[in-house]
Amino acid sequence: MNEKIWLSSPHMGEQEFKYVQEAFETNWIAPLGPHVDGFERDLAAYLGEGVHVAALSSGTAALHLALIILGVQAGDEVICQSMTFSASANPIVYQGATPVFVDSEEQTWNMSPEHLEAAIQDRIAKGKKPKAIILVHLYGMPAQMDRIMAVADKYEIPVIEDAAEALGSSYKGQKLGTFGALSILSFNGNKIITTSGGGALVSKNEEWIKKSRFLATQARDAAPHYQHSHIGYNYRMSNVCAGIGRGQMEVLPLRVEKRRSNYEFYKETFAENEAILFAEEPTGEYYSNRWLSTILVNEQEGITRETIRLHLEKDNIETRPLWKPMHLQPVFADAPFYGDGTSERLFELGLCLPSGSNLTQEDLDRVVKQIKALYQEAKV
Ligand SMILES: *Cc1c(COP(=O)(O)O)cnc(C)c1O
């Protein structure tokens, strides 16, 4: 069996271990410590725009705290992009609120501004104004930010920006993760940088970030004993994990560069193949970190995205269909949905190719050789 080629695996630099060792040597083995503070400063400096950052145990925890800070409660409705990972939507249900799903547009595959506005108008007509909008930048591609923010501002609904896949991407030169009233990042093992598991909440509102740190450490009031006036959570990032994060921040620009070059390689290789389409940046204003290289496969010679996926699997190469939209998930079958089938079509045609920043040229060659062979065989 050939060596496994992963979709997106962790890629450590030179300094991560040094930071972790420092945590051990100083015995800061806890969900607080100098690396947690340092990682928050590193992230805030990288993102710019005067943001504040709270390092947390996961991106999902960050989304949950964002909803709590915006006052989302049982019975409320929250708009969420349908095409995404389930973690974008689950925290809505943690709060006892109802997700209202909105379809994607063709250009960026992210939330459609038209369907967003239609959803807001219809929910208001039905008697409930949505409490928040959860917007996602899929695979690192920026959403149509100007148009989305214009709709959100018009109806005065705060945006929670799920930038879990988009650290290192930007829109009109502004880093993703700085657009939302609150934004979230993820450092799960498969993301562009990782802390093994972790996340962050980002906002220009310093009070909110302070509040999120308070809620994330069991909501302890200032007292010598344990005193509580709020329900708290155990959502803080460990100082050991934050040490990994500090090392990863030093190589983030290199990781973006390599992931973008993976994408360029696939795009150039299949430029002549009319069945395989790439998701291009719509204009120069959109800059994607290309967390994952994705393709749409139009059926040709009987080859579909599923044929490609199974063929690569036989050679121990991992690929995955695009995110299955939330409105098609059994667990969300009863949730309202506004759209025209775009995300459903993308899901049917789309495939994520191996995209790690640690892929070698031999790895990439192996992937494209297998795909080319499939089309060659189909022709003869
Ligand atoms: C990974 C991811 C999350 C969740 O992050 P975790 O750190 O794994 O909890 C949320 N939203 C999207 C779009 C993601 O890809």
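Indexing begins at 1, ligand by ligand and atom by atom, following the structure's order.
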Look at E165 together with R259 and state whether they make a salt bridge at an N to O cut-off of under 4.0 Å.
-> no
Salt-bridge test for E250 and R246: reply yes if a basic N is under 4.0 Å from a carboxylate O, no otherwise.
-> no
Only counting residues at least two apart or in another chain, list the ones meeting ring-ring contact (aromatic ring centres under 6.0 Å, His included) with F337.
-> H327
Is the shortest distance from a Lys or Arg side-chain nitrogen in E348 or R305 to a carboxylate oxygen in the other one below 4.0 Å?
-> no
Contact set, ligand 1, heavy-atom distance under 4.0 Å, ordered by chain/number, equals S58, G59, T60, T84, F85, A87, S88, V136, D162, A164, E165, S186, N188, K191, G198
Ion pair check, R147 and E117, cut-off under 4.0 Å = no
May I ask you to check whether D221 and S229 show a side-chain donor-acceptor distance below 3.5 Å?
-> yes
